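The structure appears right after this line, and notes come after that.
This structure is a prediction, so every number in the text was calculated from the model and none was measured.
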Amino acid sequence: SFEEEHLTTHPGLQDSTLPIKILRKQGACGEVSVEYMTEGASAVAGRCFEPVSGRVTFAHQQIEATIYVTIKAVARYSSEDKFRVLVSDPEGGVKLDGATDGGEGRNIATITIAADAATRQRVDYLQGMLLAKWEKSKSGHASWAEQIRAALLVNGGEAEDDDDSSVSVGPSIFAYFI
C-alpha cells in the first residue's frame with residue numbers, strides 16, 4: 001500500500017520530482033512485486049505530470065520502495081489538478097490491502113497539484129495593472145471619437161438638428177470631399 005493515500009504538491013518554476021512511497025506491510029519474507037501506473041483525473045498527463053508505469057520489486061526483507069513522478073512547471077492560478085497512482089497485479093504471494101482506496105484489487109494514491117500562492121499574487125498584480133491601462137485606453141478612445149465627431153459636424157452643431165433656423169449658409173465639410 002502507499003505510505004500516504006493523499007498527497008499535495010505545489011509546482012515550482014521548473015519541473016520537480018515527487019517521490020511516492022509504496023510500503024510492504026505484514027511481512028517481508030521473499031521477493032514480491034506489484035505493477036504501478038499513473039492516470040489523469042483533472043490533471044492532464046504530459047501537461048501537468050509525466051506519466052509513469054512499471055513494476056516495483058521488493059527484495060527479501062525490503063519493506064519500502066519509492067517511485068518518482070515528474071510534476072510539470074505549469075503556472076496555476078486557482079485550480080487544483082489531481083491525478084492518481086495505481087498499484088495492482090501483485091506477484092510472489094503478496095496481497096494488496098483491501099482497507100485502502102481501491103480495495104483488494106488495487107491501491108490508489110491521489111495526488112493534488114495545488115495552485116501556487118506566488119503565481120496567484122503575480123497574476124492578480126498584472127491583471128490590476130492591465131485593467132487600469134485598459135480603462136485609460138477606453139477613456140482616451142472616447143476623447144478621440146468625440147474630437148472626430150466634432151470635426152465632422154458643421155459649425156460645431158448637433159448631429160440631428162431639426163431646427164431650420166440654424167442652417168449654415170456656406171458649404172459643409174462634406175462638400176469639400178465631393
Problem set entry | Where at least one partner belongs to residues 24-41, residue pairs that pass salt bridge (Lys or Arg N to Asp or Glu O under 4.0 Å), sequence neighbours excluded | E35-R55, E39-R84
For this session: Apply the side-chain contact (heavy atoms from CB on, under 4.5 Å) test between M37 and each candidate in V87, L86, V52; give the one that qualifies.
Result: L86
Nearest atoms (heavy-atom pairs only) where [X] meets [Y]:
X	Y	value
G46	K72	O-CE, 4.0 Å
S88	L96	CA-CD1, 3.9 Å
I71	P11	CG2-CB, 4.5 Å
K82	T110	CD-CG2, 4.3 Å
A73	Q14	CB-C, 3.4 Å
A28	I63	CB-CG2, 3.7 Å

Exercise. With sequence neighbours left out, what residues match Y68 under side-chain contact (heavy atoms from CB on, under 4.5 Å)?
Worked result: T17, P19, T66
Exercise. Which residues satisfy the side-chain contact (heavy atoms from CB on, under 4.5 Å) test with I20, sequence neighbours excluded?
Worked result: F2, L7, L18, I67, V69, V85, I111
Just wondering, do [Y] and [X] contact through their side chains at under 4.5 Å, heavy atoms?
X	Y	answer
E80	S42	no
F58	I22	yes
F83	T112	no
V34	D89	no

For this session: Calculate, to the nearest 0.5 Å, the distance between atoms CZ and OG belonging to R106 and S1 respectively.
Result: 15.5 Å
Problem set entry | Point-to-point distance, once rounded to the nearest 0.5 Å, from CD1 of I113 to SG of C48 | 5.5 Å
